[in-house]
Asks: 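Quick one: this structure, given as C-alpha cells, is what I'll be asking you about.
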Amino acid sequence: MTQKVTTAYFREAKKTGKRITMLTAYDYPMARMVDEAGIDAILVGDSLGNAVLGYESTIPVTMDDMVHHIKAVTRGVKRAMVIGDMPFLSYHVSREESLRNAGRILQEGGAAAVKLEGGREVAGTVRAMVAAGIPVMGHLGLTPQSIHQMGGYKVQGRDEAAAQKLLDDARALQEAGVFAIVLECVPVPLARLLTETLEVATIGIGAGPHCTGQVLVTHDLLGMFMGKSPKFAKRYANLHQEIIRALTTYREEVLGGAFPGPEHGFDMPEEMLEKLY
Ligand code: KIV
C-alpha cells in the first residue's frame, strides 16, 4: 500500500533539507493527476474562487464550497497529503465556530490538515485547533482574504517594520503549533531568513528558492487562466490554447460531417432493420 504523506514528512523534510512539492487541486481528475505526478501535498485552496468558480477574489468562497471540492479531491488521492483551506470569515467569528469549521474539513472533506491566513491575531485559534488534533498550516505575506485591507496584490514585508512583523507573526504561529507556513509574495532574502530562523517548514509562492518547499496554483502552471498570471507563476503548459483548439476542431468536424466516423458508432445487421415495420 502507498504510504501517505503526513505532517511527519514535513518535519523530516525541514530537518534533512529535502524539498517539499505542493500544488492546488479542486476536483477529482486534477487531484488524481497531481498525485500521480508524485507531488507531496495538494492544497484545496480558496483560490477555488478565482480558478474554478469565476469570482474575482477568494472572499465569496464558503465553507460548503470548500467541503464539496475537498471531498472530490480526497477521493482522487492515494499518496499526497490533502490540506483544505479555511475560507474568509470561517475562523474569525468565535473559537467554537472556527473549531467546528476546521473539523468539517477533516471529518466531511477527508483532508488531513487545514490552512488559514494570518499571524498573531489567529495564534489562539491555531492553538485550539492543534489541541483538538487538527494539523494547521499557516499563511503569511500576501494573504488574499485581506485584499481590501492590503489595497491590492503586492509584495509584503518590504520595509523594516513590515519585515519584523512577518518574523514575529511566523514565530507566533510556530509557537501555536503549525506544522508549516506558506509564505506568499515575500522578498527572497526575507523568506530565506524566515526559513533559516523557523523550526517548521516554509512553503513559498513568490518567495524565492530558499523555502523548504514550493506551491503554485495548478491552473497558473498549466496556463488555464484566461487573465494575467502573477510574475511568480511559471507556466509549464498552455492548456487554455490547447483546449480551445480541440473544441474548435470538434465544432468544425460536427458541422462538416467528419465526426462521428464509422469507428465511433455501433453496427447492427441490415436484415434486422428490414424486419422492422
Ligand atoms: O488558495 C490558495 O491556492 C493558496 C495558495 C496560493 C497558497 O492559498
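All values below come from the heavy atoms of this structure, side chains included, with hydrogens, waters and symmetry mates left out. Just so it is clear, the structure is predicted and the values come from calculations on it, not from any experiment. Order of appearance sets the numbers: ligands from 1, and atoms from 1 within every ligand.
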Asks: At a non-hydrogen distance cut-off of under 4.0 Å, which region of T24 contacts ligand 1 (side chain, backbone, both, or neither)?
Replies: side chain
Asks: Return the minimal non-hydrogen interatomic distance between V114 and I83, and the atom names on each side.
Replies: C-CG2, 3.9 Å
Asks: Which word best sums up how the rings of F259 and H264 line up, parallel for under 30°, tilted for 30 to 60°, or perpendicular for over 60°?
Replies: tilted
Asks: For T218 and Y26, does a side-chain donor sit closer than 3.5 Å to a side-chain acceptor?
Replies: no
Asks: Please tell me whether V155 and V217 are part of a single hydrophobic cluster in this structure, the criterion being side-chain heavy atoms less than 4.5 Å apart.
Replies: no
Asks: Say whether K115 and ligand 1 are in contact under the criterion: heavy-atom distance to a ligand atom below 4.0 Å.
Replies: yes
Asks: Provide the number and element of each atom of ligand 1 under 4.0 Å from a heavy atom of H139.
Replies: 8 (O)
Asks: Would one find more than 12 heavy atoms of other residues, nucleotides or ligands at under 6.0 Å from atom NE2 of H68?
Replies: no
Asks: Who's the nearest protein heavy-atom neighbour of atom 6 (C) of ligand 1, and how far?
Replies: I205 CD1, 3.7 Å
Asks: Heavy-atom contacts with G45 under 4.0 Å: which atoms of ligand 1 show up? List them by number with element.
Replies: 1 (O), 2 (C), 3 (O)
Asks: Checking the N or O distance criterion of under 3.5 Å, is ligand 1 in contact with D46?
Replies: yes
Asks: Any nitrogen or oxygen of D85, main chain or side chain, under 3.5 Å from a nitrogen or oxygen of ligand 1?
Replies: yes
Asks: Do D40 and R19 sit within salt-bridge range, that is, some charged N less than 4.0 Å from a carboxylate O?
Replies: no
Asks: Looking at V5, V215, T21, which hits side-chain contact (heavy atoms from CB on, under 4.5 Å) with I39?
Replies: T21
Asks: Heavy atoms only, cut-off 4.0 Å: how does T58 contact ligand 1, side chain, backbone, both, or neither?
Replies: neither
Asks: Tell me which protein heavy atom sits closest to atom 3 (O) of ligand 1, plus the residue, atom name and distance to 0.1 Å.
Replies: S47 OG, 2.5 Å
Asks: With a cut-off of 4.0 Å, which atoms of ligand 1 are near a heavy atom of L43?
Replies: 2 (C), 3 (O), 4 (C), 5 (C), 7 (C), 8 (O)
